[in-house]
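The block underneath contains the structure these notes are about, expressed in structure tokens.
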Amino acid sequence: MLELYQFEGSHYSEKVRLILDYKNLPYRKVGVIPGVGQLDLFRLSGQYQVPVLRDGDEVIPDSTAIAKYLDAKYPERPIIPNDPKEKGLCLMMEAWADESIGLNARKAMIGAFNQHPNFRKAILPVAAPDFLKHIIGAIPAEVLSFLGTGVGFGADAVKAAHNILNQNLEALCLLLEDSPYLAAEYPTLADFAVAGLSMYLKFPADNYIDLPESICGKGVPGLADNPAYRLFFDWRDRLYADYRRLKTSGKSATVSPISPTPNSISIE
Ligand SMILES: N[C@@H](CCC(=O)N[C@@H](CS)C(=O)NCC(=O)O)C(=O)O
């Protein structure tokens, strides 16, 4: 069976989970513990980041490489169009989702949980021990903001991320005004990348991802609750309802930690 090495709260992992579900491919989730688990991941894949797909002897890191591998190896329900224009649009939008929506959504979410300690506690890795969540929750917002400065998560960087995301969401609403999908008449990699990478803007309300219930349906204030972007979030809800499996259905949602104990903290 396919194995997905992942963090449950990772938006790049979510992009791959959406594709696996769309293609009806059963898979087993292997939860990587931030820190020590990533050392095991390095031994397996030669790099430290999730997602990593294992298909028998094949080990594929990187969500884009995984998407292309899956479409080539399991061509049923293709996600990369053949038509040149559609294919070009699809690949361009996928890269845009990864690099613009994904990176800026992470900054905007960190900005939001600098302001809201409960949101911050809720989003720490589900596997993190309670005492760790307590300690992180107790760190004042100004300290986190200070720590963030210099690595791109200070107040100015968060504001810049909001500006970019506002334009991204406006563009998506315009694109979706008269079309059910972003790059073709059927769902493609562009749709799954945009849906997955926008997870931190607003977590899906239903039971798709194994995260604390307190954050389901919640998101970055000013973006998640902005009526101007309703069309986009409604579109994403429909995509999930049509193609994403609920976490309770099927046997594919087993999490078995790649490593028993965490040795560092990560926000994803
Ligand atoms: N380009 C990669 C990005 C993956 C990525 O940024 N993964 C994050 C989780 S969302 C990660 O593993 N972070 C831990 C780290 O960098 O140590 C992809 O598309 O898969």
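As the structure is a prediction and not an experimental result, all values here were calculated from the model. Atoms within a ligand are numbered from 1 in the order they appear, just like the ligands themselves.
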Has ligand 1 got any nitrogen or oxygen that is less than 3.5 angstrom from a nitrogen or oxygen of Ser63?
yes
Before signing off on this row, confirm whether Gln38 and ligand 1 have an N or O atom pair separated by under 3.5 Å.
yes
Is there a path of hydrophobic side-chain contacts, each under 4.5 Å between heavy atoms, that joins Leu25 and Leu246?
yes
Do the numbers put Arg77 on top of the ring of Tyr22, so that NZ or CZ is under 6.0 Å from the six-membered ring centre and no more than 45° off the axis?
yes
Between the side chains of Asp62 and Tyr12, is a donor N or O closer than 3.5 angstrom to an acceptor N or O?
no
Which atoms of ligand 1 have any heavy atom of Arg106 under 4.0 Å away?
6 (O)
Polar atom proximity, Tyr12 to ligand 1 (N or O, under 3.5 Å):
no
By number and element, which atoms of ligand 1 are closer than 4.0 Å to a non-hydrogen atom of His11?
10 (S)
Ligand-side contact atoms (ligand 1) for residue partner Pro51, heavy atom cut-off under 4.0 Å
20 (O)
Does Ala205 have any side chain to side chain contact (heavy atoms under 4.5 Å, CB included) partners at least two apart in sequence or in another chain, and if so, which?
none
Once ring pair (Phe, Tyr, Trp, His ring centres under 6.0 Å) is applied, what residue pairs with a partner in residues 59-83 remain, sequence neighbours excluded?
none
